[in-house]
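Each ligand, and each atom within it, is numbered from 1 in the order the structure gives.
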Amino acid sequence: MLLTLTTTYGPATDLGYLLHKHPDRCQAFPMSFGQAFVFYPEAGAERCTAALMLDIDPVGLVRGKSTSLEQYVNDRPYVASSFLSVAIAKVFGTALAGQCNQRPELVATAIPLTVSLPVLPCRGGEAVLRQLFEPLGYEVTAQPLPLDDQFPDWGNSPYFAVNLHHTVRLADLLSHLYVLIPVLDDEKHYWVGDEEVEKLLRHGSGWLSHHPARETITRRYLKQQRQLTRLALEQLSEGDRPDPDAEEAPQAQAEEQLEQPISLNQQRMAAVVAALKASGAKRVVDLGCGEGKLLRSLLKDPGFEHIAGVDVSHRALERAQERLERGFFSPTQRSRLNLFQGSLTYRDERLSGFDAATVVEVIEHLDPDRLASLERVLFEFARPQVVIITTPNIEYNSRFAGLPAGTLRHSDHRFEWTRAEFQTWATQVAERFGYRVQFHGIGAEDLAVGTPTQMGVFER
Ligand code: SAH
């Protein structure tokens with residue numbers, strides 16, 4: 001299975017910097033399903049081609065599972081499929097995230113790129129291939145491959161040799177391939193769960209919400225699972241509407257602008273909603289709800305039967321109230337929500353009786369010596385089944401172009417933690433109060449510094 005990527009943008013060998021792979025070397029990467037190799041069949045100043053080759057081990061894939069012959073003998077080792085997306089994310093993760101310290105200006109530049117996929121399965125035929133790539137600006141050439149060269153009257157297979165050409169940023173091209181190759185194949189190799197919604201929104205950020213085929217893409221990407229598809233489409237259309245938060249307080253605006261190139265806030269809300277859905281929670285309290293962004297997402301989902309928003313700031317609650325009124329929720333929808341003023345550092349009866357509590361980008365606003373009170377209020381007294389906490393990953397700050405070194409993301413942040421600091425704290429808290437905790441990254445992952453936001457999901 002092969003993908004090649006060619007540029008003629010001079011000096012063409014800068015493609016090596018963009019991909020973080022040296023043109024003179026052949027490199028191998030172990031994958032759970034075999035091996036990935038990167039090498040350059042051609043590396044000149046005028047024209048440079050990088051190849052990503054996957055060597056998929058069909059026997060290893062099914063080892064330990066009950067098997068049929070079809071599981072051993074199939075097209076997977078030979079065609080571009082979701083394995084290729086997994087390899088793109090692993091091998092070209094930094095390029096996919098749009099990062100390159102050596103050539104930062106090149107990351108932001110649209111350059112002529114041609115992708116060749118010698119064997120691409122296209123369920124629905126060439127028309128679907130064109131529907132997916134042409135609206136994004138690609139010139140598409142597709143050559144149907146016969147079922148068998150020896151027997152032309154058997155007709156064509158569902159596979160095509162495909163070339164895609166476009167002048168585009170490399171990170172955008174990789175995100176298009178990451179999402180659209182499995183969509184064309186329509187046969188994902190791994191279990192599709194809630195975190196797939198988050199991946200789709202992350203890699204579809206900036207193009208999927210206005211793609212004319214977004215419904216087909218979303219449905220196929222999420223393997224036709226109706227509930228996940230609906231959730232993803234809602235989040236996508238949220239991104240389309242004029243932003244009711246436009247007149248945000250100036251500080252909050254600054255933090256959002258900083259994080260905006262990857263629309264981190266939207267990804268954060270999607271990740272929290274997905275984790276809540278996965279937990280099966282029906283009664284949810286959002287602690288430090290601010291102006292109610294998460295509350296609005298929760299209200300749209302009738303699966304959340306009772307929702308409460310709590311904040312210490314009266315002004316934030318007023319704004320939450322105003323925004324909800326402008327959110328066109330019906331009286332029945334609205335009746336599921338209760339807003340009240342309170343603090344997460346004081347024991348409060350009103351915080352009991354919920355299945356889940358969310359604490360999104362709040363802990364870093366507390367003085368470190370108040371954290372101990374929050375721990376008891378939340379995990380000892382309120383004691384919901386599930387607690388979801390998100391907080392910035394300070395290691396990622398160096399990747400925000402507009403943030404001077406050593407500065408926190410928001411002037412009211414009392415601290416920001418590395419992944420190790422957050423995980424140490426959360427693990428101790430979980431142990432002390434009888435919870436298990438799992439960690440997830442939110443936002444585009446950088447191989448060196450991780451994701452911009454970190455999330456801990458505690459369950460008991
Ligand atoms: N969760 C929201 C807001 C994050 S900003 C979002 O993700 O958009 C942090 C919020 O925490 C602010 O609204 C602030 O008023 C609130 N907050 C700070 N200290 C608090 C405390 N002790 N108790 C409750 N809320 C608090």
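Within a 6.0 Å sphere centred on CD of Glu215, heavy atoms belonging to other residues, nucleotides or ligands number 12 at most.
Every residue was checked against the side chain to side chain donor-acceptor pair (under 3.5 Å) condition with Arg347, not counting sequence neighbours, and none meets it. For Arg419, the side chain to side chain contact (heavy atoms under 4.5 Å, CB included) partners are Asn393, Glu395, Gln423, Gln454, not counting sequence neighbours. Taking the salt bridge (charged side-chain N to carboxylate O under 4.0 Å, His left out) definition, one finds that Arg103 meets it with Asp14, sequence neighbours left out.
A parallel orientation is assigned to the rings of His410 and His413, their planes being inclined by less than 30° (bins at 30° and 60°).
Side-chain N/O atoms of Glu361 and Thr390 include a donor and acceptor closer than 3.5 Å.
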Report all N/O contacts between ligand 1 and the protein shorter than 3.5 Å as a table of atom names and distances to 0.1 Å; if there are none, say 'none'.
{"residue": "ligand 1", "atom": "1 (N)", "partner": "Gly288", "partner atom": "O", "Å": "2.8"}
{"residue": "ligand 1", "atom": "1 (N)", "partner": "Val360", "partner atom": "O", "Å": "2.8"}
{"residue": "ligand 1", "atom": "7 (O)", "partner": "Val360", "partner atom": "O", "Å": "3.4"}
{"residue": "ligand 1", "atom": "13 (O)", "partner": "Asp311", "partner atom": "OD1", "Å": "3.4"}
{"residue": "ligand 1", "atom": "13 (O)", "partner": "Asp311", "partner atom": "OD2", "Å": "2.7"}
{"residue": "ligand 1", "atom": "15 (O)", "partner": "Asp311", "partner atom": "OD1", "Å": "2.6"}
{"residue": "ligand 1", "atom": "22 (N)", "partner": "Ser343", "partner atom": "OG", "Å": "3.2"}
{"residue": "ligand 1", "atom": "23 (N)", "partner": "Leu344", "partner atom": "N", "Å": "3.0"}
{"residue": "ligand 1", "atom": "25 (N)", "partner": "Val312", "partner atom": "N", "Å": "3.4"}

